[in-house]
Amino acid sequence: MENSRKAILDKTHYGLNVYAHLLQKYYPGTTVLSLSGKDCLPAKNPFNAGKSTLQVMIEDNCARHTDTEKAIPDGDVFDFAQLHYKLQGDDLLQAISKDMHINKQSLTPIQDANAGINLEWLQRKISMTRFSYFKKPISNTIPFEKFTLLDVYQVLVGNAFKEKTKA
């Protein structure tokens, strides 16, 4: 079980992606975590009436949380996932892996023999990694849209901005 916990942490940026994934289920279409150094700004806590009392930070290579109003006990990403899934032990780890599409094969990735590139890992990272795009002015705090790395790549190689790029 410890091996699986470590593998999940390795594949989810110390568990931050698990927090983000679960919080997205409660608050779809919103920015659920904002990272500032190794800590996140206060986030909405679905287990505290949606109040922005959830503090997430990385300690000892594991994402951990605390609720400023003590609505839930302090703990790590697996404790938080346990509140959502209502499962424990291996059942919890399997639920996280299944929900986030981290299967046993991706926990022990295969390298592409020709390029030395882990294609499964790269594809998963590209589809999971999202960032927000903000339109001007600089004071705008609401993202216009969220993109994946694949979206950006398609814009860069596509025709949409070809003339502006040439200019």
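Just so you know, these numbers come straight off a predicted model, no measurement behind them. Counting from 1, the numbers follow the sequence of the chain as shown.
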Task: Residue pairs, two or more places apart or on separate chains, that pass salt bridge (charged side-chain N to carboxylate O under 4.0 Å, His left out) and touch residues 16-29 - done: Lys25-Asp99
Open item on the list: Asp91: which residues meet the salt bridge (charged side-chain N to carboxylate O under 4.0 Å, His left out) condition with it, sequence neighbours left out?
Closed with: none
Open item on the list: Ignoring hydrogens, what is the shortest heavy-atom contact between Ala43 and Leu33? Give both atom names and the distance.
Closed with: CB-CD2, 4.0 Å
TODO: Flag the pair His84 / Phe47 as yes when their ring centroid distance falls below 6.0 Å, and as no otherwise.
DONE: no
Task: Test item: Arg5 and Asp76 side chains (from C-beta on) under 4.5 Å apart, heavy atoms - done: yes
Task: Partner residues of Asp79 under the salt bridge (charged side-chain N to carboxylate O under 4.0 Å, His left out) criterion, sequence neighbours left out - done: none
Task: Any residue meeting side-chain contact (heavy atoms from CB on, under 4.5 Å) with Tyr27, in chain and number order, not counting sequence neighbours - done: Leu23, Thr30, Val32, Lys44, Pro46
Please tabulate, for side-chain N and O atoms in residues 48-58, each donor-acceptor pair with protein atoms closer than 3.5 Å (sequence neighbours left out).
from, atom 1, to, atom 2, distance (Å)
Asn48, ND2, Thr53, OG1, 3.0
Asn48, ND2, Asp67, OD1, 3.4
Asn48, ND2, Glu69, OE1, 3.1
Lys51, NZ, Glu69, OE1, 3.1
Thr53, OG1, Asp67, OD2, 2.5

Open item on the list: Is there a side-chain contact (heavy atoms from CB on, under 4.5 Å) between Leu87 and Gln82? Walk through the geometry before answering.
Closed with: CA-CA 5 Å; Leu87 297 170; Gln82 188 175 346; over 6 Å; no
Task: CG-CD1 distance between Asp10 and Ile102, expressed to the nearest 0.5 angstrom - done: 10.5 Å
TODO: Drop me the distance from Phe78's CZ to Cys62's SG, to the nearest 0.5 angstrom.
DONE: 6.0 Å
Open item on the list: Under the rule for side-chain contact (heavy atoms from CB on, under 4.5 Å), what residues qualify as partners of Lys70, not counting sequence neighbours?
Closed with: Thr66, Asp74
TODO: Looking only at non-hydrogen atoms, find the nearest pair between Cys40 and Leu16 and report the distance.
DONE: SG-CD2, 4.1 Å
- [ ] Would you name the heavy atoms of Ser132 and Thr31 that are closest together and state the gap between them?
- [x] OG-OG1, 3.8 Å
Task: Leu83 side, atom CG; Leu22 side, atom CG - distance, nearest 0.5 Å - done: 10.0 Å
Open item on the list: Please check if the number of heavy atoms outside Tyr14 that lie under 6.0 Å from its OH is greater than 12.
Closed with: no
TODO: Could you pull out all residues at least two apart from Tyr85 that satisfy ring-ring contact (aromatic ring centres under 6.0 Å, His included)?
DONE: none
Open item on the list: Looking at every non-hydrogen atom in both residues, tell me the closest pair between Ser97 and Ile8 and how far apart they are.
Closed with: OG-CD1, 3.7 Å
Just list the side-chain donor-acceptor pairs under 3.5 Å for residues 134-143, sequence neighbours left out, or say none.
from, atom 1, to, atom 2, distance (Å)
Asn140, OD1, Ile142, N, 3.0
Asn140, ND2, Lys135, O, 3.4

Task: Partner residues of His65 under the ring-ring contact (aromatic ring centres under 6.0 Å, His included) criterion, sequence neighbours left out - done: Tyr19, Phe80
